[in-house]
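Notes to accompany the following structure.
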Amino acid sequence: MGVNELKEALIFLCKGQFWRMAVIWTISLILSYLQLFSQRHFLRRSKFYERSASSNPAIASIKKPICIITGATSGLGAAVSYALAKEGYYVVLAGRSVHSLSKIVSEIQEQIDDACVKAFQVDLSSYKSILSFKHLLQQWLLDSDLHCSVQLLINNGGMLATSYRITAEQCDQMMSTNYIGPFCLTKLLLPLLEQSPIPSRVVNVTSFTHWNVSSMEVTGETISGQYFSKLSSYPFAQVYEYSKLCVLLFTYELHRQVGLVEKSHSVSVIAADPGVVKTNIMREIPSCLSWLAFYVLKLLGLLQSPEVGIGSVVDAVHAPPETSGVYFFGGNGRTLRSSQLSYNSKLAKDLWDASSQIFLERQLASQDTT
């Protein structure tokens with residue numbers, strides 16, 4: 001370890017946000033697993049969803065169901081992409097790095113003879129990039145012999161930024177990537193999901209860290225992350241927690257909204273929490289500290305490889321078509337109740353309205369630019 005790296009690590013160790021991650025996040029994770037245990041052995045109210053061919057009607061009913069996965073260039077996203085390509089999905093990979101996308105496509109095609117994979121460059125922190133992806137996706141569907149619809153959208157992309165960075169649209173990059181981007185992408189792709197000849201699904205990847213948000217004020221400044229620029233130091237751990245609670249509130253509100261609309265084929269919405277997976281999400285934390293964190297979590301039996309960590313996501317994909325508004329955690333088809341705040345329907349509606357306003361503003365701005 002170099003002197004500069006050691007100095008950086010010591011400075012980081014003095015930050016309260018680091019200890020919030022190291023201590024409070026670990027406690028939240030342990031409590032989530034304890035909740036699973038108590039549901040099964042004491043409360044007798046645990047609900048399991050077994051994976052089976054019958055609960056995956058897409059493969060049986062449509063030639064090549066389309067599955068879009070964001071954040072697909074590494075870690076959890078890459079592992080899910082491989083698993084679903086193996087099952088017969090036409091996997092559409094969405095990620096920021098063209099080089100990483102090409103590498104993942106090649107690896108999947110090398111390992112699976114008949115794999116159908118397509119890659120698009122998308123930056124979830126940019127509405128312009130998301131809109132461009134939607135247009136390119138539609139054109140690709142029209143030019144192919146595939147049905148012009150989407151059967152599965154997995155909002156997996158996310159980041160943990162340790163400093164405040166503003167996007168071209170004047171938003172905090174972490175809030176844009178983790179929440180606003182997935183919200184806008186889902187809104188734009190909802191017509192394609194609704195056009196599916198079979199039940200379609202949105203799976204939003206969230207985190208147990210949402211438990212640490214005790215209160216929430218919904219304003220344009222907070223959900224865009226502009227509020228955090230006014231603070232003396234960037235509360236990156238809390239911003240991450242906040243973004244993941246927003247994902248949950250959005251999941252439950254979208255579940256309510258699509259449930260109110262009678263359609264010949266339904267859209268279901270599910271949240272999936274993979275727990276702690278060894279990915280590169282902690283790349284902005286000094287490497288010696290991230291290594292130590294993973295080592296401790298491994299000793300506690302809480303660290304999973306991406307191939308194991310995808311359990312809750314794949315459970316969400318394979319749950320029966322009528323399943324919606326559920327929070328999968330822990331793999332093996334297990335579900336939990338998320339935090340009490342996440343079920344606040346008024347808060348969820350306020351968040352939806354404020355997010356829709358941002359979405360509308362960006363739509364209008366893109367039209368003006370055009």
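- With Phe359 as the aromatic partner, Lys187 meets the cation-pi criteria of under 6.0 angstrom to the ring centre and within 45 degrees of the ring axis.
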For the pair Thr206 and Asp273, evaluate side-chain hydrogen bond (donor to acceptor under 3.5 Å, both in side chains) and give the outcome as yes or no after the intermediate values. CA-CA 5 Å; Thr206 185; Asp273 182 346; over 6 Å; no
Does Phe228 form a ring-ring contact (aromatic ring centres under 6.0 Å, His included) with Tyr164? I'd like the steps, not just the answer. CA-CA 8 Å; Phe228 305 114; Tyr164 180 78; 7.8 Å; no
Between Gln357 and Asp353, is a side-chain hydrogen bond (donor to acceptor under 3.5 Å, both in side chains) present by the stated rule, with each step listed? CA-CA 6 Å; Gln357 182 60 37; Asp353 292 341; over 6 Å; no
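- Looking at Thr279, its side chain never comes within 3.5 Å of a backbone N or O of Gly75 through a donor-acceptor pair.
- There is a side-chain donor-acceptor pair under 3.5 Å between Thr219 and Thr222.
- Residues Met175 and Ser224 have side chains not in contact (no heavy-atom distance under 4.5 Å, counting atoms from C-beta outward).
- With rounding to the nearest 0.5 angstrom, the CG atom of Leu31 is 11.0 Å from the CG atom of Leu336.
- The only member of Ser338, Ser345, Ser342 that meets side-chain hydrogen bond (donor to acceptor under 3.5 Å, both in side chains) when paired with Tyr252 is Ser338.
- From Cys184, atom SG reaches atom CG of Leu131 across 10.0 Å, with rounding to the nearest 0.5 Å.
- Counting all heavy atoms, side chain and backbone alike, Thr177 lies closest to Ser125 at OG1-CB, 3.5 Å.
- Gln151 and Ser196 are linked by a side-chain donor-acceptor pair at a separation below 3.5 angstrom, with hydrogens and angles left out of the test.
- Under the 4.5 Å side-chain criterion, counting only non-hydrogen atoms from C-beta, Thr323 is not in contact with Ser268.
- Between Val218 and Leu347, the closest side-chain pair of non-hydrogen atoms falls below 4.5 Å.
- A side-chain donor-acceptor contact under 3.5 Å links Asp315 to the backbone of Gly333.
- The two atoms that bring Phe18 and Phe12 nearest to each other are CB-O, 3.5 Å, heavy atoms only.
- A donor-acceptor contact shorter than 3.5 Å links the side chain of His210 to the backbone of Ser207.
- A donor-acceptor distance shorter than 3.5 angstrom exists from the side chain of Thr70 to the backbone of Asn156, with no hydrogens or angles considered.
- Within the 4.5 Å cutoff, side-chain heavy atoms of Arg337 are placed close to those of Tyr343.
- Salt bridge status for Glu169 with Lys128: absent, with no side-chain N to carboxylate O gap under 4.0 Å.
- If you check the side chains of Asn178 and Tyr242, you find no donor sitting under 3.5 Å from an acceptor.
- Tracing side-chain contacts under 4.5 Å through hydrophobic residues (I, L, V, M, F, W, Y), one reaches Val213 starting from Ile30; they form part of the same cluster.
- Contact of the Arg362 side chain with the Ile180 side chain is registered, since non-hydrogen atoms from C-beta on lie closer than 4.5 Å.
- Hydrophobic cluster membership differs between Leu142 and Ile66, with clusters built from Ile, Leu, Val, Met, Phe, Trp and Tyr side chains linked at under 4.5 angstrom.
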Could you pull out every donor-acceptor pair under 3.5 Å between side chains of residues 293-310 and any protein atom, sequence neighbours left out?
| from | atom 1 | to | atom 2 | distance (Å) |
| --- | --- | --- | --- | --- |
| Gln304 | NE2 | Pro274 | O | 2.6 |
| Gln304 | NE2 | Val276 | O | 3.4 |
| Ser305 | OG | Val308 | N | 3.3 |

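- The two atoms that bring Leu351 and Cys246 nearest to each other are CD2-O, 3.6 Å, heavy atoms only.
- In this structure a side-chain-to-backbone donor-acceptor pair under 3.5 Å is missing from Trp25 to Trp19.
- At least one donor-acceptor pair closer than 3.5 Å links the side chain of Ser290 to the backbone N or O of Ser287.
- Ion pairing between Glu253 and Arg256 holds under the 4.0 Å rule for side-chain N and carboxylate O.
- When all heavy atoms are compared, the tightest approach of Val91 to Ile69 is CG1-CD1, 3.9 Å.
- When the side chains of ILVMFWY residues are joined at heavy-atom separations under 4.5 Å, either directly or via intervening members, Leu136 and Val122 end up in a single hydrophobic cluster.
- Hydrophobic clustering (ILVMFWY, side-chain heavy atoms < 4.5 Å, transitive): Phe329 and Ile24 are in distinct clusters.
- Within the 4.5 Å cutoff, the side chain of Met159 has heavy atoms near those of the Glu284 side chain.
- Judged purely by atom type and a 3.5 angstrom limit, Arg201 has no side-chain atom pairing as donor or acceptor with the backbone of Ser324.
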Should Tyr179 and Trp352 be marked as a ring-ring contact (aromatic ring centres under 6.0 Å, His included) after you check the CA-CA gap, both sets of side-chain angles, and the distance that decides it? CA-CA 11 Å; Tyr179 171 64; Trp352 178 277; 9.7 Å; no
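- Panel note: side chain Glu221, backbone Gln226; no donor-acceptor pair is recorded below 3.5 Å.
- If you check the side chains of Tyr127 and Ser176, you find no donor sitting under 3.5 Å from an acceptor.
- When each of Asn204, Thr251, Asn155 is tested with Thr186 by the rule side-chain hydrogen bond (donor to acceptor under 3.5 Å, both in side chains), just one qualifies, namely Asn155.
- Clustering ILVMFWY residues whenever any of their side-chain heavy atoms sit less than 4.5 angstrom apart, transitively, puts Leu249 in the very cluster that holds Tyr227.
- Within the 4.5 Å cutoff, no side-chain heavy atoms of Leu190 are placed close to those of Leu192.
- Contact record, Asp172 with Gly225: CB-CA, 3.6 Å, taken as the closest heavy-atom pair.
- Of all heavy-atom pairs spanning Leu289 and Ile285, the tightest one is CB-CG2, 4.0 Å.
- In this structure, CE in Met282 is found 5.5 Å from CE in Met21, a value given to the nearest 0.5 Å.
- A 4.5 Å side-chain heavy-atom check between Tyr33 and Leu29 finds at least one atom pair inside the cut-off.
- Between the side chain of Arg334 and the backbone N or O of Gly330 there is at least one donor-acceptor pair closer than 3.5 Å.
- Between the side chain of Ser200 and the backbone N or O of Leu193, at least one donor-acceptor pair lies under 3.5 Å.
- Atom NZ of Lys64 has more than 12 neighbouring heavy atoms from other residues, nucleotides or ligands inside a 6.0 Å radius.
- Side-chain contact of His147 with Ser149: a donor-acceptor pair under 3.5 Å is present, judged by distance alone.
- Using modelled atom types and a 3.5 Å distance limit, the side chains of Ser100 and Ser97 yield a donor-acceptor pair.
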